[in-house]
Structure formats: structure tokens, C-alpha cells
Amino acid sequence: PVVAVERLFLFGAGHVAEPTSAFASACGFEVTVIDERADYNTPERFPQAVRHHVAPHGDVFSSLEIGARDYVVITTHNHDHDRDVLARALRTEARYIGMIGSTQKVKKTFAQLRLEGLTDSDLARARTPIGLDIFAETPAEIAVAIVGELIRERREGPSQKKTRGAEVVSMHETEEP
């Protein structure tokens, strides 16, 4: 069957975005990197990306045409940029919208967005803090958690995988002394 390409719009070109782009591309996502910093958002740093928008984050939204099959990941270098991108992304039909950040940052961001008129229903579409909870610490580990969550979102509807929800047991727990 012919399947439409799933596009990932990656806002930010920092240390977490670099491995996120590589892993997402390897998993079949068509990656577009958006960052205003020309020295960061380069084909050399993001060779897998099909497009690079070197412009302020908010300036490119009208040209992106984000639809119901698209994914948005927000990892910019600035909390204000993250909030602005999140607000704009929530006004699209994107299938997945995720933003990096601490619990405290998320609370502050959501409070500000409520003041700007977004509802709790709007905010419920955002996955934040982003990524599967795998206790990730390094940029590469965080990228694995993010892409893992993208894959879970991709597969959640049609997947018939039998291991979903299975309890994970450590081999150490099953060994007898």
C-alpha cells in the first residue's frame, strides 16, 4: 500500500534537535528543521533534513501548511520561542505536538497561554514534557525518548502488536539465587 509521508517539523536546531532529526529520519519521518540561527540550522549539522528554514520560528508558520498527518516537535533555545511556537502549533491540525521542558516551564507556559486565550482542551493536545519516560539525560537519550513517542503515536491506532501494555520484568528479578 502507498502510505503518505509523515512529516516532522522540528523547531530548534540545538543539541537535542540534532540527534532527534537523525533518529526521526532513520525511522521514516521527513524532517524539516526551523531555526533562526544560520550557524546552527545547516545541512552539515542536519544532513537528513529535507528542508531548512532559517527564519524566526513564528515567521514560517504560514508557509508550512501543517496538516493532520504532521508532527511538531519544539526544542528551541528560548522559552519565549517555545511558547510562541506551541501557541501557533495548537492552532493547526497537527497529529502530534510536543514541547521539551521541565514541569515548572510547562506550568508557566500553560498559564501564559491560558491568558492568551487558549483553553485547557487546546492545551491537552500538547505532549509536554516531550518523550517517553525512560529517564533520559543526554541529548541522544532525550532524542530516543522523543522519537520513541513519535513512533508510539504513529502506531497507536492501527497497531495490533500483542506486547502493548505488557509488564516488563527485569531478568535479574526472574533469576533464582
Side-chain angles (χ1 to χ4, degrees), residues 4-21 23-25 27-37 40-41 46 49-134 136 139 142-158:
V5 172
E6 293 168 309
R7 300 183 303 172
L8 170 61
F9 294 95
L10 183 55
F11 287 86
H15 61 286
V16 171
E18 209 169 347
T20 300
S21 174
F23 297 155
S25 179
C27 291
F29 290 91
E30 181 181 277
V31 179
T32 297
V33 180
I34 302 106
D35 196 295
E36 61 195 8
R37 302 170 296 170
Y40 280 78
N41 190 1
F46 296 92
V50 296
R51 280 177 293 292
H52 300 266
H53 289 279
V54 180
H57 303 100
D59 291 355
V60 299
F61 261 91
S62 61
S63 66
L64 295 179
E65 298 179 19
I66 297 171
R69 292 188 51 83
D70 297 325
Y71 298 69
V72 174
V73 169
I74 305 164
T75 64
T76 78
H77 64 286
N78 179 292
H79 293 314
D80 291 335
H81 292 329
D82 287 349
R83 185 183 66 245
D84 182 48
V85 172
L86 180 60
R88 291 169 187 262
L90 288 170
R91 291 182 176 96
T92 71
E93 295 180 12
R95 174 178 182 163
Y96 173 95
I97 301 167
M99 181 182 74
I100 200 166
S102 67
T103 303
Q104 190 62 28
K105 172 191 164 182
V106 171
K107 286 180 184 177
K108 285 178 67 174
T109 299
F110 279 22
Q112 181 63 38
L113 292 176
R114 283 184 188 98
L115 292 174
E116 294 174 14
L118 277 89
T119 66
D120 286 341
S121 177
D122 295 329
L123 297 174
R125 292 185 57 215
R127 310 277 181 91
T128 186
I130 194 172
L132 299 176
D133 187 5
I134 60 170
I142 294 167
V144 166
I146 291 169
V147 176
E149 189 168 80
L150 298 178
I151 293 166
R152 184 173 70 190
E153 174 63 30
R154 172 196 283 167
R155 302 285 185 231
E156 195 163 53

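Quick note: numbers below take in every heavy atom, side chains included, and nothing from hydrogens, waters or symmetry partners.
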Any donor-acceptor pair under 3.5 Å from [X] side chain to [Y] backbone:
X      : Y      : answer
Asp82  : Ile74  : no
Asp122 : Thr119 : yes
Ser21  : Glu18  : no
Arg125 : Leu90  : yes
Thr75  : Ile100 : no

Do [X] and [Y] touch side chain to side chain, with heavy atoms closer than 4.5 Å?
X      : Y      : result
Asp35  : His77  : yes
Val147 : Thr20  : yes
His79  : Lys108 : no

Tell me the closest heavy-atom pair linking [X] and [Y], and the distance in Å.
X      : Y      : result
Glu149 : Leu132 : N-CG, 3.7 Å
Ala126 : Phe110 : CB-CZ, 4.1 Å
Pro139 : Pro19  : O-CG, 3.7 Å
Tyr40  : Phe46  : O-CE1, 3.5 Å
Cys27  : Ile151 : SG-CD1, 3.7 Å
Leu113 : Ala87  : CD2-CB, 3.6 Å

Inter-residue atom distance [X].[atom1] - [Y].[atom2], 0.5 Å rounding:
X      : Y      : atom1 : atom2 : value
Thr32  : Leu8   : OG1   : CG    : 8.0 Å
Arg127 : Ile130 : CZ    : CD1   : 9.5 Å
Arg7   : Glu30  : CZ    : CD    : 7.0 Å
His81  : Arg83  : NE2   : CZ    : 10.5 Å
Phe11  : Leu86  : CZ    : CG    : 10.5 Å
Asn41  : Ile34  : CG    : CD1   : 8.0 Å

Please tell me whether Phe61 and Phe9 form a close aromatic pair, meaning their ring centres lie under 6.0 Å apart.
no
So with a 6.0 Å cut-off around CD of Glu116, is the heavy-atom count from everything else above 12?
yes
Yes or no on side chain to side chain contact (heavy atoms under 4.5 Å, CB included) for Leu118 and Arg91, after CA distance, side-chain angles and deciding distance?
CA-CA 9 Å; Leu118 277 89; Arg91 291 182 176 96; 3.4 Å; yes
Taking the six-membered ring of Phe29, is NZ or CZ of Arg154 closer than 6.0 Å to its centre and within 45° of its axis?
yes
Going by an N to O cut-off under 4.0 Å, is there a salt bridge joining Asp120 and Arg114?
yes
Leu64 and His53: CA distance, side-chain angles, deciding distance, side chain to side chain contact (heavy atoms under 4.5 Å, CB included) verdict:
CA-CA 10 Å; Leu64 295 179; His53 289 279; 3.7 Å; yes
Could you walk me through whether Lys105 and Met99 satisfy the side chain to side chain contact (heavy atoms under 4.5 Å, CB included) test, starting with their C-alpha distance in whole Å, then the side-chain angles of each, then the deciding distance to 0.1 Å, before giving a yes or no?
CA-CA 10 Å; Lys105 172 191 164 182; Met99 181 182 74; 4.2 Å; yes
So Thr109 and Thr128, side chain to side chain contact (heavy atoms under 4.5 Å, CB included) or not? Walk me through it.
CA-CA 10 Å; Thr109 299; Thr128 186; over 6 Å; no
